[in-house]
Every structure is written in structure tokens, then in C-alpha cells.
A.B. asks: 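I have a structure here, written as C-alpha cells, and I will follow up with some questions on it.
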Amino acid sequence: MPQYPDYRPRRLRRTAALRNLVRETRLDPASFILPLFVRSGEKLRTPVGSMPGVNQTSVDELLVDARKAASLGVGGVLLFGIPDHKDEQGSGAWDDHGPVATAVRALKQELPQLVVITDVCMCEYTSHGHCGVLVNGEVDNDATLDLLAREAVAHARAGADVVAPSDMMDGRVGAIRSALDDAGFANTAIMAYSAKYAGGFYGPFREAAESAPSHGDRQGYQMDAANAAEALREVWLDIDEGADMVMVKPAGPFLDVIWQVKQETGYPLAAYQVSGEYAMIKAAAERGWIDGERAMMESLIAIRRAGADVIITYFALDAARLLRARSAGSDTP
Ligand code: PBG
């Protein structure tokens, strides 16, 4: 490699046009997914305190947000449901007339080109807030598989393009795949939350989805933040069981895992920039401590650079808007 003064890296940083020309990584709204929280009712839009700009909405208002996403070229939406009633089993999860199924039908009718993904998990539906059924106070893995499969089939029946299990039970991808196939939904894809880590970054989400566990935590089923080799095992298991797409979550604190999963599997990879990552940037920007737009774009480009094909982010609309505005004289990524 030539050395100074023959090679001067600064030559290509001198102007916005040069920087833009040699940029290695670019963001595209088509690879963004916007998470949405839906509940029953009409004309309902309740702001989530710890996530400025994010709301719980009824289906009619969800369509307003989804139309915005579609018109900005955002690739898809990821739906979370807040049921009217919760019980021990989480039976609202497979309700064909619940908020998620109703929203899916409305979306596929009005915006058929927008990819509709549903989160498949029990925690929003169980009275105790855990991601599966409790037996002797512990989340019972195998008893939960049937319930997850019922939920996934209900979402597929409503028309979801992709179902996304986020519960972290062992064997759920296989159970969901065979239930979908048996029910005639061989073409419904699975995006598996494969390497989902337990930790402190989900707090604001649990306010949004009203899904905080009433006792204990999720360390018995979600991954330990210290482990990366285990993430690869989780990812390969999900691929073997039929996952079409795998996921690492959270994104920013686990960029090394994103990198390894992409390098080793080559599979379509999603990364979830979770509620806490969003809230940190929003909160610091509100205080004037950081430039929120720049931090948003840097955090997204880092996730992309690490190897994510798809980014699930609460910034999807803001980032898409910014990318549009900049596409003429784009400078900062
Ligand atoms: C459901 C689920 C969670 C998130 C996505 N699906 C919460 C959790 O595991 O407690 C978190 C998303 C976010 O924080 O933005 N299990």
C-alpha cells in the first residue's frame, strides 16, 4: 500500500460529491421495517411516553401510519397487538378478530405492496407477561409451541406475508413451519428472532406493548449478552428448522454478532434496533446533548455496515424522509 505523501486518504473527503461517490455503505428505505402497536377501537392514537413519536393505535390510525411508510418507500411493517383481555394461556394470540388479524386484513387490502410481518409471541397476551405458558412458575417450552403455532397460523390466515416468532422457545420455528404447511400456508415466510438477547434495552417496548413480566425476567429463555458462539448455534438451528430470514436483536450493542451471522450463514439477515436504542437517542437529542438526526443515521449505517440486510427500526419514517430529502445533494450518510 502506498504511503504518505503519495497516498492521502483526505483527497476523497474534500467535497460532498467525492464523499458520496466513494461511500461504501448506503441506506435504503426499502430495507427498513416499521414496528406498529395496534389495539382495538377507533380513532385511537395514544403516545408511548418513553418512545417519542411512537403510538399505540387502532386499526384505522394504523393505516394512516402504514400509508406514510408505503409512500416513503419503507419496505414493511411489523405488527404487535395489545389485546382487550389477557389470560394465563394468552388465548387472544390466535383470535381471528383480534387487533393484529384485523390490521393484517386491512393492510393487505389497502396496501398490498407493503410487506406485512407479525410478531409471534405470548407476552402481550398472557396475564403474567411471560413469553409462554407457566407450569410450576416456569415458562414451559414444549407446552408453548402449540400456542405459538396457533398464533402464527391465525396471522397467516389473515394474510401476513411473514410471521416473526420472538419468544425464544426451543423448536418453535420447526413447530410453526409444520403448522403453517399443514394449514395450507406453505408460502408464508418465517423471520426468526434467532439471536435475541435478554437485557435492559426492551424497557420502553414493554410500556408500548404492555408486556412487562409481572414477576421475574426473561433470562431463562432469551440469550445471555456475553455469548456470540451461541448466537450462531441458535441461528443454524432456526435455519435447519425452516427459517427464511434470521434476526439479531438488539442491533447496536450486538454489531459483532450481526457481522458473524452474515459472514457465516449468508442468510437474509434482519437486525432489530430496539426500543431502548431508539429512546436513548431521542432522549439525548431532546436535551440537546446530541444531534438526533446525525446519531440516528450513524446508528442505522453501523447496523447496515455490520451486515444487516433488513433493519427493523422505530426511526423508519424519519430516516426514510431524511434519505429522500438528501438524495439530491446527499452528504452525511
Ligand atoms: C416480544 C418482543 C419484545 C420485543 C419484540 N418482541 C419484548 C421482549 O422480549 O420483552 C422488543 C422490541 C423492542 O424493545 O423494541 N417478546
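Because only heavy atoms are used, hydrogens play no part in the values below, and waters and symmetry mates are left out as well, while side chains stay in. When a ligand or atom number is given, it counts from 1 through the structure's own listing order.
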A.B. asks: Have a look at ligand 1 and work out which part of D119, if any, has a heavy atom under 4.0 Å from it: side chain, backbone, both or neither.
C.D. replies: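 It is the side chain that touches ligand 1; the backbone stays farther off.
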
A.B. asks: Looking only at non-hydrogen atoms, which of Q273, R206, K196, M122 approaches atom 9 (O) of ligand 1 most closely?
C.D. replies: K196

A.B. asks: Where's the contact between C121 and ligand 1, heavy-atom distance under 4.0 Å: side chain, backbone, both or neither?
C.D. replies: side chain

A.B. asks: So which protein heavy atom does atom 4 (C) of ligand 1 come closest to, and at what separation?
C.D. replies: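 The answer is K249 NZ, 2.6 Å.
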
A.B. asks: Please determine if R45 and D65 form a salt bridge, counting it only when a charged side-chain N lies under 4.0 Å from a carboxylate O.
C.D. replies: yes

A.B. asks: Which residue supplies the protein heavy atom nearest to atom 14 (O) of ligand 1, what is that atom called, and how far is it?
C.D. replies: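 Looking only at protein heavy atoms, the one closest to atom 14 (O) of ligand 1 is S275 OG, 2.7 Å.
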
A.B. asks: With a 4.0 Å cut-off on heavy atoms, does Y278 reach ligand 1?
C.D. replies: no

A.B. asks: What atoms of ligand 1 come within less than 4.0 Å of a heavy atom belonging to Y272?
C.D. replies: 12 (C), 15 (O)

A.B. asks: Please report the closest heavy-atom contact between L147 and Q89, naming both atoms and the distance.
C.D. replies: CD1-O, 3.6 Å

A.B. asks: Indicate yes or no: does E210 engage R39 in a salt bridge with an N to O separation below 4.0 Å.
C.D. replies: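 Answer for the salt bridge query: yes.
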
A.B. asks: Under the side-chain hydrogen bond (donor to acceptor under 3.5 Å, both in side chains) criterion, do T46 and N55 qualify, and how do the steps go?
C.D. replies: CA-CA 5 Å; T46 313; N55 304 283; over 6 Å; no

A.B. asks: Would you say Q222 touches ligand 1, if touching means a heavy atom closer than 4.0 Å?
C.D. replies: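 It does, in that a heavy atom of Q222 comes within the 4.0 Å cut-off of ligand 1.
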
A.B. asks: Atoms of ligand 1 less than 4.0 Å from Y314 heavy atoms?
C.D. replies: 12 (C), 13 (C), 15 (O)

A.B. asks: Which bit of F80 is near ligand 1, meaning a heavy atom under 4.0 Å away: side chain, backbone, both or neither?
C.D. replies: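 For F80, the contact with ligand 1 is made by the side chain alone.
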
A.B. asks: Suppose I only count heavy atoms of S166 and a 4.0 Å limit; which atoms of ligand 1 are within that range?
C.D. replies: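 Answer, ordered by atom number: 1 (C), 2 (C), 6 (N), 16 (N).
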
A.B. asks: Is a donor on one side and an acceptor on the other found under 3.5 Å between the side chain of S166 and the backbone of C121?
C.D. replies: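 Checking the backbone N and O of C121 against the side chain of S166, no donor-acceptor pair under 3.5 Å is found.
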
A.B. asks: Is it true that D96 and R157 have a side-chain N and a carboxylate O under 4.0 angstrom from each other?
C.D. replies: yes

A.B. asks: Under a 4.5 Å cut-off applied to non-hydrogen side-chain atoms, are V163 and L180 in contact?
C.D. replies: yes

A.B. asks: With a cut-off of 4.0 Å, which atoms of ligand 1 are near a heavy atom of C123?
C.D. replies: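 What qualifies from ligand 1 is 1 (C), 16 (N).
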
A.B. asks: In the single-linkage hydrophobic clustering (I, L, V, M, F, W, Y; side-chain heavy atoms under 4.5 Å), do M223 and L237 co-cluster?
C.D. replies: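 The answer is no; the residues belong to distinct hydrophobic clusters.
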
